[in-house]
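Structure first, then comments.
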Protein chains: 2
Amino acid sequence: MEHAPYTVCKTCTIRTKSFCGALPVRSLDSLANTRRLVRFERRQTIVCEGATAVSLFNIVSGVVKLYRSLPDGRTQIVGIRLPGEFFAIADGEKYTATAEALTSVVVCRFSRSRLKQLMQQFPQIQARLLEMSYRHLAAAQDQIFLLGRKTAREKVASFLMRYSGKFDPERMDKYRRVPMTRTEIADFLGLTTETVSRVLTSFAREKLVAIDLSHSVRLLNIDLLRKIAGN
Amino acid sequence: MEHAPYTVCKTCTIRTKSFCGALPVRSLDSLANTRRLVRFERRQTIVCEGATAVSLFNIVSGVVKLYRSLPDGRTQIVGIRLPGEFFAIADGEKYTATAEALTSVVVCRFSRSRLKQLMQQFPQIQARLLEMSYRHLAAAQDQIFLLGRKTAREKVASFLMRYSGKFDPERMDKYRRVPMTRTEIADFLGLTTETVSRVLTSFAREKLVAIDLSHSVRLLNIDLLRKIAGN
DNA sequence: CGCCTTCCATGATCCAAATCAATTCCAGTG
DNA sequence: CACTGGAATTGATTTGGATCATGGAAGGCG
């Protein structure tokens with residue numbers, strides 16, 4: 001799991017600098033010393049639901065899905081985390097969801113106990129975590145509304161509007177690849193693979209999207225998709 | 001909206017004391033001075049989705065529902081807040097959900113901008129907010145799983161396990177009243193009133209619950225209900 | 001007390017999405 | 001290059017919960 005050499009996370013350092021502004025250099029060093037970079041390939045599990053929470057992570061690059069599942073196989077993705085965001089910020093002793101890499105991912109691992117000390121020393125870090133958890137709470141509310149009250153078409157349209165292109169920011173508006181299988185999209189939207197597939201082909205027939213080789217989705221009519229997504 | 005006299009919130013002060021431990025008394029006073037108690041009756045709206053976020057609230061007593069709705073009438077409760085918890089902690093400029101009193105509620109209103117200053121002064125307050133937002137994030141994940149993957153029976157059973165009795169803690173195990181209409185329960189669980197009603201009467205037939213006058217629900221077979229709820 | 005009004009229960013019917021069931025399509029791989 | 005296995009599409013059928021419709025019970029109020 002942790003082959004990566006002991007490296008300082010540049011992304012975090014940069015972010016830390018911008019957020020912690022006036023911190024003395026020595027503080028930044030001590031911050032850096034509590035972190036290390038770890039790389040995960042697509043489909044690798046980063047943390048497991050129910051395991052004792054020892055670390056928390058900041059994403060340097062790549063995308064991570066958080067999911068929960070029941071013994072009978074029912075699975076639900078409860079969140080998607082993009083570069084710069086934190087995950088596995090558990091409330092108590094245990095992780096509340098499993099985290100798995102959706103793309104190649106480089107994460108910055110923080111020791112939980114050490115971070116607690118650092119937060120006391122540098123409130124700016126805490127402020128950043130707080131701000132981010134509000135954003136995630138608002139995103140969770142979006143998903144709750146989507147799951148509770150939207151139709152399959154609305155769900156898929158919302159998903160495309162929200163996430164397509166977020167996976168490789170360089171080619172953002174050209175291809176908007178979504179490196180998720182139909183099953184994963186279904187597990188995000190509370191649907192089945194078949195339904196996701198049917199909705200996507202129906203969108204393709206209506207010229208709302210184009211489905212290229214390797215299942216890349218390109219958005220053709222963003223305005224109409226936004227209208228279908230509703231809010 | 002704001003008839004209440006300018007009063008210090010004892011609950012908050014007590015909590016603040018326990019969480020802020022070593023703060024000097026003068027700090028606590030300055031904290032207290034930024035707060036005031038406000039009372040809302042059942043069905044009164046406390047804040048509106050989309051309105052500019054100026055305050056945030058701590059619940060002294062009572063229960064609050066947070067919901068979002070679409071122009072076509074579809075409504076989804078995205079969270080329930082119990083005594084001691086904060087709400088309307090918005091990410092940006094606007095509230096992300098409407099907050100409405102489910103019971104008589106006494107809340108402690110904090111000015112957003114002032115709290116920001118205070119947080120910088122007293123990291124302990126920030127730590128408490130952070131801890132609470134993690135808990136709410138975990139609760140949101142529960143709800144996401146429930147909405148995406150559970151059946152109507154499982155949803156209702158989960159709801160009863162989670163919330164019955166939380167509304168008047170004194171009589172916790174005697175009656176477990178749930179002061180929500182069938183419609184509100186439906187809007188929480190992503191169902192319709194009719195389905196909630198049918199599931200509850202079927203639970204009553206199976207002696208899992210008893211439905212008393214004024215629609216109080218009493219749980220009769222908690223073990224079996226927990227099993228139905230799944231996790 | 002009787003008249004609303006809101007909430008709840010329950011039956012009949014419908015429908016969106018799930019389930020079941022084949023193919024088809026690729027991306028590897030030897 | 002053919003083989004293989006996971007992923008996607010597509011069709012047929014079923015079904016859980018929505019929708020429609022009606023009647024009853026409870027609380028509020030003139």
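Any value given below was found using the heavy atoms of this structure, including those in side chains, with hydrogens, waters and symmetry copies removed.
Shortest non-hydrogen contact noted between A:T195 and A:A152 is CG2-CB, 3.8 Å. For the pair B:R128 and B:F86, the tightest heavy-atom approach, listed with the atom from each and the gap, is NE-CE1, 4.5 Å.
Applying the 4.0 Å criterion to OP1 and OP2 of C:dA17, one finds that A:T195 has every side-chain N and O outside that range. Phosphate contact (OP1/OP2 of C:dC8, side-chain N/O of B:S197, threshold under 4.0 Å): absent.
When rounded to the nearest whole Å, the span between CG of A:D212 and P of C:dA27 equals 12 Å. If you measure from atom CZ of B:R43 to atom C1' of D:dG28, you get 14 Å, rounded to the nearest angstrom. Regarding A:K150, its NZ atom lies at a distance of 18 Å from the P atom of C:dA16, rounded to whole Å. Atom CD in A:E184 sits roughly 14 Å away from atom C1' in D:dA8 (whole-Å rounding). For the pair B:R182 CZ and D:dG17 P, the interatomic distance rounds to 17 Å; values are reported in whole Å. Regarding A:F203, its CZ atom lies at a distance of 15 Å from the P atom of D:dT10, rounded to whole Å. Put simply, CD1 on A:I185 is 9 Å from P on D:dT9, counting in whole angstrom units. Computed from coordinates, the A:R74 CZ to D:dG16 P distance equals 13 Å when rounded to whole Å.
Mapping B:T192 and A:M180 onto DNA chain D via the closest heavy atom, the residue that lands nearer the 5' end is A:M180.
Electrostatic pairing of B:R149 and A:D187 counts as a salt bridge here, judged by a charged N lying under 4.0 Å from a carboxylate O.
Within the nucleic acid shown, A:T201 comes within 4.0 Å of sugar-phosphate atoms alone, with no base atom in reach, counting heavy atoms only. When heavy atoms are screened at a 4.0 angstrom cut-off, A:T151 is found touching the sugar-phosphate backbone but no base atom. Using a 4.0 Å heavy-atom cutoff across all strands shown, A:L191 reaches sugar-phosphate atoms only and no base atom.
Two rings, from B:F188 and B:F159, have their centers less than 6.0 Å apart.
A donor N or O paired with an acceptor N or O is found under 3.5 Å between the base of D:dG11 and the side-chain atoms of A:R198. Looking at B:E194, its side chain has no donor and acceptor atom pair within 3.5 Å of the base of C:dC8.
Picking from D:dA8, D:dA18, C:dA9 the nucleotide with the shortest atom distance to the side chain of A:T181 gives D:dA8.
Side-chain polar atoms of B:S202 and B:E206 form a donor-acceptor pair below 3.5 angstrom.
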